[in-house]
Amino acid sequence: MNEAAKTFDGWYVLHDFRTVDWSLWKQAAGDKQASVLREFNHFLSRLDVTQEAKIGSHGLFTILGQKADLMLMTLRPTIDELQEIETSFNKLQIAEYLTPAYSYVSVVELSNYMASGSENPEEDPRIQARLKPILPKWPYVCFYPMDKRRDGSDNWYMLPMDERKELMYSHGKIGRGYAGAVKQIISGSVGFDDWEWGVTLFSQDVLQFKKLVYEMRFDEVSARYGEFGSFYVGQRVELEGIAPFFHV
Ligand code: 76R
């Protein structure tokens, strides 16, 4: 019997990671650098207009470590808009100084493991707000992709719905212990990207990521069934932070 969890799907998400080619950037003349940054600023300001109209959201982040230097996370009602944004970004002068590091395509997802069954997702403002999230302006971000294991006796997809519900209840309970400290966006990527979900966490205290992810490792859903990709951690950059970041 097909016991797939039902999902509510919201905005599409692109996580776009880039590495700065600092030697090339340093070779650019001061006025060239200024015009490149002006154009980049203008591009981001246009994204701000969309966000203010609440028909999308985005955040620019610096990424610590050598996996990438920057991540632009963008959410839109359609994947077509994300395609346009990616292409516009690639056409900017700044893109000449950035090399692609990683990307992730997914759609914000809520599943019915916890649902009471009576909800009409189209009309429930709380569900709508979670499916179409405006990214919190909190300083720290953590992103990683993950799968649920399908391996011999540890096969999430072979478990009956009731058992998965029970396990997800315990997962949610740990998560709720971090209410106010960590905000999470779970986006589904089956059929879109190499892993099954993207996990994006936001916090005002970077250490809370470690505490939450560590605590969850002991929960059966993660301990037994979680498979994880690479972790990216970084800091939000507002418009006024871009020039100092690129200053050489
Ligand atoms: O939607 C809800 O909030 C209800 C409960 C809930 C679901 C259904 C929930 C709560 N999650 C759900 C689904 Mn989650 N979550 C992760 C990770 O690192 C790890 O070990 C796992 C990565 C974190 C850190 C996290 C945090 N969650 C999912 C799914 C889809 C599963 C499926 O469909 O099979 C994944 C992949 C996933 C992974 N989760 C919470 C959190 C937190 C903080 C909460 C509490 C949210 C709150 O109630 O405020």
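The chain is numbered in sequence order, starting from 1. Quick caveat, the model's predicted, so the values are computed rather than measured. Both counts, for ligands and for their atoms, begin at 1 and track the order of listing.
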Close approach of E196 to ligand 1, heavy atoms, under 4.0 angstrom: no

- prompt: Under 6.0 Å between the ring centres of W25 and F245?
  reply: no

query: Does one hydrophobic cluster hold both L135 and I127, with members joined at side-chain heavy-atom distances below 4.5 Å?
result: no

query: Can you find a side-chain donor-acceptor pair between D9 and T7 that sits under 3.5 Å?
result: yes

- request: Have a look at Y144, Y178, F209 and point out the one with the heavy atom closest to atom 24 (C) of ligand 1.
  value: Y144

task: Identify the protein heavy atom lying closest to atom 21 (C) of ligand 1, giving its residue, its atom name and the separation to 0.1 Å.
output: M146 SD, 3.6 Å

- prompt: Measuring from F246:CZ to K26:NZ, what's the distance to the nearest 0.5 Å?
  reply: 13.5 Å

message: Applying side-chain contact (heavy atoms from CB on, under 4.5 Å) to F61 and M73, what does each step give before you reach the verdict?
response: CA-CA 8 Å; F61 304 89; M73 176 179 180; 4.3 Å; yes

Option of least heavy-atom distance to atom 30 (C) of ligand 1 (set: W197, Y214, Y225, W195): W197

field: Protein N/O/S neighbour count - atom 14 (Mn) of ligand 1, strictly under 2.8 Å
entry: 1

Qualifying ring-ring contact (aromatic ring centres under 6.0 Å, His included) pairs with a residue from residues 181-222, counting only residues at least two apart or across chains: Y214-F218

- prompt: Going by the order shown, which atoms of ligand 1 are within less than 4.0 Å of some heavy atom of W156?
  reply: 34 (O)

- prompt: Can you check whether S222 has an N/O within less than 3.5 Å of an N/O in ligand 1?
  reply: yes

Which residue and heavy atom of the protein sit nearest atom 23 (C) of ligand 1, plus the separation: M216 SD, 3.5 Å

query: Relative to the ring of Y102, is the ring of F17 parallel (under 30°), tilted (30 to 60°) or perpendicular (over 60°)?
result: tilted

- request: Report yes or no: do W138 and I185 belong to one cluster of Ile/Leu/Val/Met/Phe/Trp/Tyr joined by side chain heavy-atom distances under 4.5 Å?
  value: yes

- request: Nearest 0.5 Å please: distance from the NZ atom of K137 over to the CZ atom of R236.
  value: 5.5 Å

statement: The closest protein heavy-atom partner of atom 3 (O) of ligand 1 is R130 NH2, 3.1 Å

Side-chain donor-acceptor pairs of residues 77-86 under 3.5 Å, sequence neighbours excluded:
unit_1 : atom_1 : unit_2 : atom_2 : d
T78    : OG1    : E81    : N      : 3.2
T78    : OG1    : E81    : OE1    : 2.5
E81    : OE1    : T78    : N      : 2.9
Q83    : NE2    : T87    : OG1    : 3.3

Shortest protein contact, atom 8 (C) of ligand 1 (heavy atom only): S111 OG, 3.5 Å

message: Is it the case that ligand 1 has an N or O less than 3.5 angstrom from some N or O of R176?
response: no

- request: Name all pairs fulfilling the side chain to side chain donor-acceptor pair (under 3.5 Å) condition that reach into residues 179-190, sequence neighbours left out, sorted by first residue then second.
  value: Y104-S189, S106-S187

message: Please confirm whether the ring centroid of F89 lies under 6.0 Å from the ring centroid of F43.
response: yes

- prompt: Nearest protein heavy atom to atom 34 (O) of ligand 1, by residue and atom, and its distance?
  reply: K148 NZ, 2.9 Å

field: Protein heavy atom at shortest distance from atom 4 (C) of ligand 1
entry: M114 CG, 3.4 Å

